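Here the structure comes first, spelled out in structure tokens, and everything after it is commentary.
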Amino acid sequence: MSATMRTSSWAESADASSARPVKPAYVPPHLRNRSVAPAEPPSFVSNANERGLGGNWGGSSNSRQDFGNGGRQGYGSGSGGGFNNRGGAGMGVGRERGGRREANPFENDVDESFTEQENTGINFDAYDDIPVETSGENVPAPVNTFAEIDLGDALNQNIQRCKYVKPTPVQRYAIPISLAGRDLMACAQTGSGKTAAFCFPIISGILREPYAQRPRVARTAYPLALILSPTRELSCQIHDEAKKFSYQTGVKVVVAYGGAPITQQLRELERGVDILVATPGRLVDLLERARVSLQMIRYLALDEADRMLDMGFEPQIRKIVEQMDMPPPGMRQTLLFSATFPKEIQRLASDFLASYIFLAVGRVGSSTDLIAQRVEYVLESDKRSHLMDLLHAQRENDVNGKQGLTLVFVETKKGADALEHCLCVNGFPATCIHGDRTQQEREQALRSFKTGNTPILVATDVAARGLDIPRVAHVVNFDLPNDIDDYVHRIGRTGRAGKMGLATAFFNDSNLSMAKPLADLMQEANQEVPAWLTRYAARTPYGGSRNKRTGGARFGGRDVRKESSYNKGNDYYGGTGGGYGVPASYGGGYGQGVTSAWD
DNA sequence: AAAAAAC
């Protein structure tokens, strides 16, 4: 049962075959150019380009109809455990149109059985204690099981293949909201099951309305859903997950991001795309080349929106959403995910969303004891040897030769290279990831880390957010970030999905501005705060460099639309208050607007 | 100040 909590863990399908771009599987000559047999999954959602050659669907109206029914069988039968429904997605021949085999996205899933033992003793009910807050008009009720959601057989089977048994909090709320067609502004983090929370309704929605007529414009792809994310690796990860959710549904997922040759991505797009996952820069490029049109978009999801704004993507995002051919709010469904809610994000929400529901979900493990946080005073010159001591001690602790993964964060790209080199020279199997490495190197490094080939990964903040790497046992903040939000994101790479994690930070006099926020955060997470850190914290003026961009906002889990009626005494944005934990008012009988404690 | 992201 522990496995059930590992909501996003299979994202680790990390070995050679998950390298992007995915090569089409080999098709034997006698099967090439074969017309689509009725038993094949009809590409009812296929791109216009391809449909062009599809006039010969022959009995296609039949087969589509059949599929439509098949696809819907599960919808009506929701009450009785959708998991048991067999066959509904009966096109399980594992092929895409044209006889191209649909790669089994599950085949590389790591056998996690050995982790069962590690997990014993963890309080999985932690999931039930996570604070959740919703506001808005007519908020649909949350669900407690997948079975009570009308997702359809095909999707239910994939949920089963993913070994999900119970929806996570963000899924319990976000899925019914999205299925009801509502716009959503959600505060939740990867690792909370967020990706599934927006993918399930999108896939389900596409399956329910299979007859979208898309224009025929040569070489232009018309996706029905667009998912934007800040980093290339995150886009890849979302793509991998979405592939699993949409396996054998006929829904096509394509990923587009920079740093990789565009030609393969163009080819994938020409084969048809329903869900496009992209980083903003590459998408703008594709739009300007008119290789993608957004005019058929029915679903728009923005992941890690605050991160995208931090990275200066606002102009691109606004261009994509407001200045191209995307349908306006109300004509599409928009899901906005962000860890924090500074004013910029709130503006984005009011511009992109229509009559939205606000959802804030506490993070698994942030204020629980899933992540043990330690701070050590380490002089700059001692950091390397100290790190190697830690790694050495850790190696002693490893059981079954299973090396726990260690993620080491540094401040600069140069520093990452240097530290990686130093570790390797000293016999520690390390690799590194940062923005000066080629995309190929980045993906290779990530793979090698995930598979345990090099169980030490030195990283800049490119890896700080969103990446879901299972089995990260230890996060080391070799260089502390200057922003407590970044710290929270970094340590969030461990202690994921109900597992214990360890986070160690090296602190010295160059981190003075972090003393207070760090001490506060640790205290609120019931961590032991070293006396010396408390002294530093007392000495350092509060705030420091914190959160210029947010105007001093800590996690602003507040629906700003309520601002006028709700404005007294709670300075989530004032910064004089209680720092980073659960707002003092939380649990104190205080109701609306108060949400969870993380970020 | 550094990091990320299109060519």
Side-chain angles (χ1 to χ4, degrees), chain A residues 20-21 190 226-239 255-266 269 276-292 302-321 323-324 338-339 344 380 407-420 432-443 445-446 457-467 477-490 493 508-514 544-549:
Chain A
R20 256 151 306 271
T190 314
L226 174 64
I227 300 170
L228 288 175
S229 90
T231 67
R232 300 163 180 175
E233 280 77 10
L234 192 52
S235 283
C236 289
Q237 181 179 294
I238 294 167
H239 170 254
V255 65
Y257 54 86
I262 201 167
T263 46
Q264 279 103 326
Q265 293 172 10
L266 290 173
L269 288 168
L276 177 59
V277 186
T279 48
R282 176 56 61 92
L283 179 59
V284 167
D285 189 5
L286 291 167
L287 291 169
E288 284 171 351
R289 295 175 189 226
R291 297 301 294 263
V292 170
L302 297 131
D303 201 11
E304 307 275 353
D306 54 347
R307 182 66 167 170
M308 289 200 276
L309 294 199
D310 283 352
M311 288 167 63
F313 282 156
E314 183 160 2
Q316 283 108 312
I317 290 174
R318 286 198 179 270
K319 173 163 190 175
I320 291 164
V321 177
Q323 291 152 35
M324 304 303 287
S338 184
E344 297 88 330
E380 212 59 44
L407 185 50
V408 183
F409 281 106
V410 296
E411 200 59 23
T412 65
K413 297 181 273 199
K414 239 173 93 177
D417 280 332
L419 183 58
E420 179 217 14
C432 77
I433 184 167
H434 60 70
D436 271 357
R437 304 200 76 191
T438 67
Q439 191 56 26
Q440 219 175 8
E441 289 171 324
R442 283 163 59 162
E443 288 172 27
L446 206 52
L457 179 66
V458 182
T460 59
D461 266 333
V462 67
R465 295 200 191 197
L467 285 193
N477 273 290
F478 189 89
D479 300 319
L480 269 168
N482 292 316
D483 187 319
I484 194 69
D485 286 344
D486 292 333
Y487 172 82
V488 174
H489 278 288
R490 288 177 177 188
R493 297 313 96 202
N508 62 38
D509 284 14
S510 60
N511 309 116
L512 291 182
S513 67
M514 284 291 286
S545 70
R546 199 189 81 198
N547 278 342
K548 275 214 186 71
R549 78 190 143 79

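Fair warning: this is a prediction, and the values are worked out from it, not measured in the lab. Chain letters run A, B, ... following the sequence lines, proteins first, then strands; residues in each count from 1.
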Look at the side chain of A/Glu344 and the backbone N and O of A/Asp306, then say whether any donor-acceptor pair between them is shorter than 3.5 Å.
no
A/Ser229 side chain vs A/Ser235 backbone, donor-acceptor pair below 3.5 Å
yes
Using a cut-off of strictly less than 4.0 Å, decide whether A/Arg442 has a side-chain nitrogen or oxygen near OP1 or OP2 of B/dA5.
yes
Would you say A/Lys413 places a side-chain N or O within less than 4.0 Å of OP1 or OP2 belonging to B/dA4?
yes
Classify [X] by what it touches in the nucleic acid, base, sugar-phosphate, or nothing, heavy-atom distance under 4.0 Å.
X: A/Arg289; result: nothing
X: A/Val284; result: nothing
X: A/Glu288; result: base
X: A/Asp285; result: base
X: A/Arg232; result: sugar-phosphate
X: A/Gly312; result: nothing

Verdict with supporting geometry, A/Glu443 and A/Arg437, salt bridge (charged side-chain N to carboxylate O under 4.0 Å, His left out)
CA-CA 10 Å; A/Glu443 288 172 27; A/Arg437 304 200 76 191; over 6 Å; no
Between [atom2] of [N] and [atom1] of [X], the distance in whole Å:
X: A/Ile433; N: B/dA4; atom1: CD1; atom2: P; value: 9 Å
X: A/Gln439; N: B/dA4; atom1: CD; atom2: C1'; value: 11 Å
X: A/Glu411; N: B/dA2; atom1: CD; atom2: P; value: 9 Å
X: A/Arg437; N: B/dA2; atom1: CZ; atom2: P; value: 21 Å
X: A/Glu233; N: B/dA3; atom1: CD; atom2: C1'; value: 13 Å
X: A/Glu314; N: B/dA5; atom1: CD; atom2: C1'; value: 15 Å
X: A/Met308; N: B/dA3; atom1: CE; atom2: P; value: 22 Å
X: A/Tyr257; N: B/dA4; atom1: OH; atom2: C1'; value: 16 Å

Could you work out, with side chain to side chain donor-acceptor pair (under 3.5 Å) as the rule, every residue matching A/Arg318, not counting sequence neighbours?
A/Glu314, A/Glu322, A/Asp351
Restricting to side chain to side chain donor-acceptor pair (under 3.5 Å), what partner residues turn up for A/Glu411, sequence neighbours left out?
none
Can you tell which of B/dA6, B/dA1, B/dA4 lies closest to the side chain of A/Thr279?
B/dA6
